[in-house]
Amino acid sequence: MVRVALILVSVVLLLLAVLWGYQRQLIYLPDNTPVTASIGREFELTTSDGLRLGAWLVPAEQPARDVAVLVANGNGGNRAGRVPLARALSAQGLTVLLFDYRGYGGNEGSPSERGLARDVRAAQQYLVGYGVPADRIVYFGESLGAAVVTELATSEAPAGLVLRSPFVDLASVGQAHYPFLPVRLLLRDRFPLAEQLARVKAPVSVVYGSDDSVVPAGQSREVAEAAPTLKDLVEIPGADHNDAALVHGPEVVAAVIRLVERL
């Protein structure tokens, strides 16, 4: 019995060690093929640690509003998958910046919480350098990207935040999917979205799907409750995490426009 117990403990410890070492491969799911298609103006961002990231600036269709939307992607794919969202927002008179994190879309580097924070800052600084006042930039974050822009908002105040399918923190999502693992003890990247949102004074809109199988709908509602200046809470009935209605559908675009019109 002692030998069996030792074997089981060894197996568990080995499993935990593997999860510790490879957890970022489970969190970040990039499409790392170079993005060849183009929309708008193609350029490169330069991060504070010297990485160069592919990006597009999509101009507003006329009549243009004097607001830009910085889009922070979720944990999968690359910026090409966000083109329908950019086109829909551009059609409403908004300038849109799409970019890829390190390790995505052919970019060098490997993603991490600290790295993504550097990447989104490079995007925000580009827009400001381009001539968009900081208080006329709306941050749009989808899923993991919602945590990325919320952290950015704690130091670089935006005009507003639109959080699509946000989670309370990364450990809460992990625990929902792996209830048998000590996720909080294992995680190196935390993304404490709700905790950081409590310090953000900009107006906030939260959009989520009622049938989200990746980020439980209840977590998105908890995020909305944590926002000191919540302006809009939109549930899209029947929508799962990657459904078109939740990725770039009319209700998502309308939530952005409502926030912009309140500025």
Side-chain angles (χ1 to χ4, degrees), residues 24-45 51-61 68-92 94-112 115-116 119-120 122-124 126-127 138-150 152 161-167 170 173 191 207-209 211-215 220 234 236 238-256:
R24 284 181 173 145
Q25 284 86 337
L26 298 174
I27 295 169
Y28 306 103
L29 306 172
D31 180 344
N32 198 29
T33 56
V35 179
T36 54
S38 184
I39 177 176
R41 189 168 74 83
E42 189 165 10
F43 63 98
E44 287 186 330
L45 303 168
L51 295 183
R52 301 179 73 82
L53 310 177
W56 292 322
L57 189 68
V58 184
E61 294 184 13
V69 180
L70 191 170
V71 177
N73 302 339
N75 70 325
N78 58 40
R79 68 186 186 275
R82 282 73 186 184
V83 167
L85 174 66
R87 285 188 169 138
L89 294 174
S90 171
Q92 294 295 323
L94 299 171
T95 299
V96 183
L97 192 154
L98 298 180
F99 74 102
D100 279 320
Y101 304 124
R102 59 190 64 205
Y104 287 72
N107 293 333
E108 57 187 336
S110 299
S112 66
L116 268 58
D119 299 345
V120 77
Q124 191 268 352
Y126 176 88
L127 282 174
V138 169
Y139 300 164
F140 181 102
E142 60 171 53
S143 192
L144 184 78
V148 173
V149 294
T150 298
L152 174 64
L161 278 171
V162 179
L163 307 179
R164 198 276 277 176
S165 305
F167 49 70
L170 190 58
V173 177
F191 293 104
V207 184
Y208 68 99
D211 292 358
D212 197 318
S213 60
V214 177
V215 177
S220 293
V234 180
I236 301 180
D240 200 353
H241 195 74
N242 294 312
D243 286 352
L246 194 52
V247 174
H248 53 79
E251 292 177 83
V252 175
V253 174
V256 177

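On a predicted model such as this, the values are computed, not experimentally measured, just so you know.
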[Y] backbone acceptor or donor facing [X] side chain under 3.5 Å:
{"X": "Tyr28", "Y": "Ser110", "value": "no"}
{"X": "Tyr139", "Y": "Val148", "value": "no"}
{"X": "Asn78", "Y": "Ala80", "value": "yes"}
{"X": "Asp212", "Y": "Gly209", "value": "no"}

Calculate, to the nearest 0.5 Å, the distance between atoms [atom1] and [atom2] belonging to [X] and [Y] respectively.
{"X": "Tyr101", "Y": "Leu45", "atom1": "OH", "atom2": "CG", "result": "12.0 Å"}
{"X": "Ser165", "Y": "Asn242", "atom1": "OG", "atom2": "CG", "result": "8.5 Å"}
{"X": "Leu70", "Y": "Thr95", "atom1": "CG", "atom2": "OG1", "result": "12.0 Å"}
{"X": "Asn32", "Y": "Asn107", "atom1": "CG", "atom2": "CG", "result": "7.5 Å"}

Applying salt bridge (charged side-chain N to carboxylate O under 4.0 Å, His left out) to Glu44 and not counting sequence neighbours gives Arg52
Excluding sequence neighbours, so at least two apart, what forms side chain to side chain contact (heavy atoms under 4.5 Å, CB included) with His248?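 Side chain to side chain contact (heavy atoms under 4.5 Å, CB included) list for His248, sorted by chain: Pro84, Leu85, Ala244.
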Taking the side chain as every heavy atom from C-beta outward, state whether [X] and [Y] have any pair of such atoms under 4.5 Å apart.
{"X": "Val71", "Y": "Phe99", "result": "no"}
{"X": "Leu246", "Y": "Asp240", "result": "no"}
{"X": "Leu144", "Y": "Phe191", "result": "yes"}
{"X": "Val247", "Y": "Arg164", "result": "yes"}
{"X": "Leu163", "Y": "Val149", "result": "yes"}
{"X": "Phe140", "Y": "Val252", "result": "yes"}

Looking at every non-hydrogen atom in both residues, tell me the closest pair between [X] and [Y] and how far apart they are.
{"X": "Val207", "Y": "Pro166", "value": "O-CD, 4.0 Å"}
{"X": "Ile236", "Y": "Ala245", "value": "CD1-O, 3.5 Å"}
{"X": "Ala86", "Y": "Val58", "value": "CB-CG2, 4.1 Å"}

For residues 79-91, which residue pairs qualify under salt bridge (Lys or Arg N to Asp or Glu O under 4.0 Å), counting only residues two or more places apart or in two chains?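 Listed once each, the pairs are Glu42-Arg79, Arg79-Asp100, Arg82-Glu142.
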